Each structure stands twice: as structure tokens, then as C-alpha cells.
Protein chains: 2
Amino acid sequence: MQNLNILIEQFSYGITAGMKNEKPIATVDIVLMTLQDDALRVALYERENEPFSGAFGLPGGYVHVNEDNDLDAAARRVLREKAMLKGVYLEQLGTFSGVKRDPRGWSLSGAYIALLPEDRFEDVRLASVDPMPRKLPFDHSTIIKAAIARVRQKSVYSTLPTFLMPNEFTIAELRDVYQIILQIEKIDLAGFRKKILDLRAIEPVDGKMRTGTHRPAQLYRRAVKDIALFDRTI
Amino acid sequence: MQNLNILIEQFSYGITAGMKNEKPIATVDIVLMTLQDDALRVALYERENEPFSGAFGLPGGYVHVNEDNDLDAAARRVLREKAMLKGVYLEQLGTFSGVKRDPRGWSLSGAYIALLPEDRFEDVRLASVDPMPRKLPFDHSTIIKAAIARVRQKSVYSTLPTFLMPNEFTIAELRDVYQIILQIEKIDLAGFRKKILDLRAIEPVDGKMRTGTHRPAQLYRRAVKDIALFDRTI
DNA sequence: GGAATAGTGTCTCTAAGACAATATGGA
DNA sequence: TCCATATTGTCTTAGAGACACTATTCC
């Protein structure tokens, strides 16, 4: 009965609006990023449904109005269902829209950025973003480019890159990740250490060290749930 | 005939999806901001339609899939129709969504920030944002708060506030606007002058000066279409 | 001349960057 | 021992901030 009501509502919506306001398609797409082989990469999944069935693209799907409380929830559900991932860093990138981007018609896609250390992936195609993968479905190239730009820009003044690190990491390893993201040759480790520690965004894991053929390095973990902001830049 | 087809399509969408994927309502809302009486203010319009008919809220409306090429176009149309404004600074703030925010049902609203000098307004209720207006419809309070936060944060390192200035303005007037937005007491004018001029984001209007009971001040205009970014902060 | 603000110059001090010095493990 | 990298410390320098000084108008 409730379904019938919704159907009638949907029907009358079109009529009362004089057919001008039929609703757009509403989806979410996730730019799931990680670092692999010293480069930023994006997870691509083989599409099971039309359109573009069989092609590799961003994980995404319809908003399920009976299941998702909001767009964030839809994004987390897609991450769960398509990538079997929970508890990852997730932020809304923006909404991509228009009459042309989806062959099914006028569509709105809430695009999200998710960041994850490489060790949490299994059996996924991780595509390099430089150069961009060819022939992605929909406007996924545009979305990925915007995501990369956002991550690069935000990394200049925040601890966003810590979400690409495994649970425990050394300061030098974190510095290396900043260098890869920001495409900077050599960030001085001494200065980097002071800035990141002054911010108190990471904390030492007592007694745990990274060993090797050198002086052992203190291991750190992220000390805050969200990103922290620098006064100026890295 | 085309209308009938769309109607059938809409109908069959619900059926084939087993009633799980009926589409959300899709709207746009504009946070139209300006400076008046040394304070940031937001334009509110009286709603003509249900829900919340008669209440004052952000200008907004349905996405018209037969009329708007994308969400940006929908936002510009709303600005034209409700505020009779063209050619204003417009940026996407984010998308606000959920099952609860609109009594009509699950909805997605693409929220936009528009900035405008006060002299371009006519007959509009400009509401102070500190404190926030009471009892706004939908989640407009949340949207406005997010807009204010975005404008404040972005003003720290960009020339965004120039879009709140009239065509011609002095450097001291621009400094005053930064002070209001950033809630800083006294930004040193000499340092501000050097930074803003080094960026080449504004240019002098030859021969035009602001006069008064003091040495005349050079008038400037914005030299670039978009915002420019500072290396560090204001 | 006095008041008011525009615009320029100068001094100080902080902090970023470069890099030297020292520490500590493994081979 | 040497090698490699971690960690700390020091020096230099650019730039931000404070503020003094000069300029130019109206009264």
C-alpha cells in the first residue's frame, strides 16, 4: 500500500508540474584513492549493469531512498557493497550533473573522495592517475581530475595525507607521501618533523620502532579523527 | 506525446526498480551573500509555494530537466528568476540531502554561494547571520552556516572578498571588508597593500580617486575574472 | 595650520629552509 | 669499523608585523 502511494505521488508529481519537473536520476560515485608504487592511484571496478556494462569505472550506484538516510549514507553503502570497506575517510567532493553525462538522461551524481592505505585493498584494479586511464564511463575522468586536485590542494595545508598511511608509520614515511602528492622533490625532514609534531596531529606509539640497517625510527599513529590544519603550509 | 512518454518512463522506472529506486526530489538553493552595515548578510525571499509558503528562506527551486543543462544552470536560472540577477560570482557549496530535510520526501539540494555588492540589491530582505535568523525552512540554517564557514575560510587565502566590492573601490575599503569577514580587528594597511598588489589581482583605475577630507585614494577594480590565491594568508 | 586618511619606508622578530652535528641500529 | 637513516641543533634569510614618516586633500 505504501508503495502504491509512492507510485501515485510520483505520477501526480509529473502531472501537477506540467511535465516540466520530472526528477533527475540520482547517484553517488566514489573516488577511492590510495598510494601504490610511489604514486596516487584510483580504484576502478568492472561495471555489472548497463550503461557501460563491462567497462571499468568508479564504484557508484543509485541513491536508495528507502535505505539511505542521506547522500553520505549512500556513499558508505556503496563502499560497503562494492568495495567491502568500512570506516574510511570520506568527504564530499561535489555534485556533477547535467543532461549529457549519463545516457539514461538528466542525472545528478554526488561525488565523494575516500582515502585508504594500500594494505586495506584486495583484488582491485588500481589505476594510475598520471596519465589518466582512457575511456572511462560517464564523466568519471572529470570527477577523478577534480578529486586529485582537491587532494593535492588540501594536502598543502592539512594532515589529509595521514589517511593514506597504514596504522603506524614513521615521520620520514609520511614525508615521502607528502612529496608524492605535492610533487615536491625534497621536503626537509627536520622542518617537516617540527611542523607535524607541533600540530599534535600524530603521536608516538610507545616503544614501537621501525628497524632496518640504520638507527631505528619512532613509529607514530594519527592522534585525531579528522584532518588538522597547518597555520601556513607544509 | 513526448510528455506521455516521459510519464510512462517515470512510471516504469518505479516498477522495474521494485519501488526501491524512486528518485529523490532535486532542487537548488542559493546562499546570496553581501555586506551591509559592516556585516555579512544573506538574502531571504518569501516563499510563494508549499511547503513553508509565506516563510522567508533561501531562494531556490526545482531542477528543471527540460530547461537546465546542469545544476549550475539551474542555480543561475533561480538567480535570474527570483533575484533578477545575472553575472554574479557563483560557486557550488555542496549538496545537502536526506529523507528528513524536506516534508515532501527524500531530497537533494545543490547549494550554491553567490556573492554580490550591496548596491546591486533592490527590495530584498537581507538578514544578519550573527546571530542566525530563526526558524528558517528546510535545513536552510545548516546551509547558511556552511556557506559562512566556506566564505570565511576561503577569504583567509584568496581574493574572494573582492566579489563583495562594488566595481571600483579603494584598498582601505577592501581591507575593511576582509576585517569584517575574518573578524580581525586591525589588518595593517601597509602590509595588506603590498600583498594584494603583489598578487596583481586588482588594478588601478587610471585617474580615478576617492575624495574626502583627506588625501585622495586611488580607486581599483578587480583585474581577474576568478579569485586569486595568496601564497600564505592575508 | 589642523585633521584625516593615503601611501612609502624602515626596523624587528619570527619562522622557514638549509644544512651541520650527533645518535643508533645493522652489516 | 662503516653505512644508512633518525633526530637534534644551528645559522641564514625572507617575510610578516609594527610603526614611523611623508603626502595630499578639505576644513
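In the text below, chain A, chain B and the rest are named by the order of the sequence lines, each starting its count at 1. Values reported hereafter were calculated over all heavy atoms of this structure, with side chains retained and with hydrogens, waters and symmetry mates removed. Predicted model only: the values in this text are computed from it and were never measured.
Relative orientation of the B:F52 and B:F138 rings is perpendicular, given thresholds of 30° and 60° on the angle between their planes.
We find that CG of A:L199 is positioned 12 Å from P of C:dA16, with the value rounded to whole Å. Taking atom CZ of A:R210 as the reference point, atom C1' of C:dG26 lies 16 Å away to the nearest angstrom. Straight-line distance from the OH atom of B:Y220 to the C1' atom of C:dA6: 10 Å, rounded to whole Å. Taking atom OH of residue A:Y178 and atom P of nucleotide C:dG17, one finds them 14 Å apart after rounding to whole Å. In this structure, A:I196 atom CD1 and D:dA6 atom C1' are separated by 17 Å, rounded to whole Å. As rounded to whole Å, 15 Å separates atom C1' of C:dA15 from atom CZ of A:F230. When the P atom of C:dG2 is taken as reference, atom CZ of B:R215 falls 20 Å away, rounded to whole Å. Atoms CZ (A:F192) and P (D:dT7) sit 13 Å apart, rounded to a whole Å.
Using a 3.5 Å distance cut-off with no hydrogens or angles, the side chains of A:Y89 and A:E91 do pair a donor with an acceptor.
Contacts of B:A190 with the nucleic acid, taken as non-hydrogen atoms under 4.0 Å apart, include base atoms. As judged by a 4.0 angstrom heavy-atom cut-off over every strand, A:L189 is placed among the base-contacting residues.
At a threshold of 4.5 Å between non-hydrogen side-chain atoms, the residues A:L35 and A:E118 do not count as touching.
The side chain of A:Q218 has D:dT7 as its nearest neighbour among C:dG17, D:dT7, C:dG9. If you check D:dA16, D:dT24, C:dC19 against the side chain of A:R232, the one that comes closest is D:dA16. Distances were taken from every side-chain heavy atom of B:H214 (C-beta onward) to each of C:dT5, D:dT7, C:dC19; the shortest belongs to C:dT5. Closest to the B:D188 side chain, of the nucleotides C:dA6, D:dT25, D:dC19, is D:dC19. Listed nucleotides: D:dT5, D:dT7, C:dG7. Nearest to the side chain of B:R193: C:dG7.
Of the possible polar contacts, one joining the B:T159 side chain to the B:A228 backbone as a donor-acceptor pair under 3.5 Å is found.
For the atom pair CG (B:L174) and CZ (B:F192), the distance works out to 4.0 Å, reported to the nearest 0.5 Å.
When the side-chain nitrogen and oxygen atoms of A:K194 are compared with OP1 and OP2 of D:dT8, none of them lie within a distance under 4.0 Å.
Nearest-nucleotide positions on DNA chain C for A:G212 and B:G191 put B:G191 closer to the 5' end.
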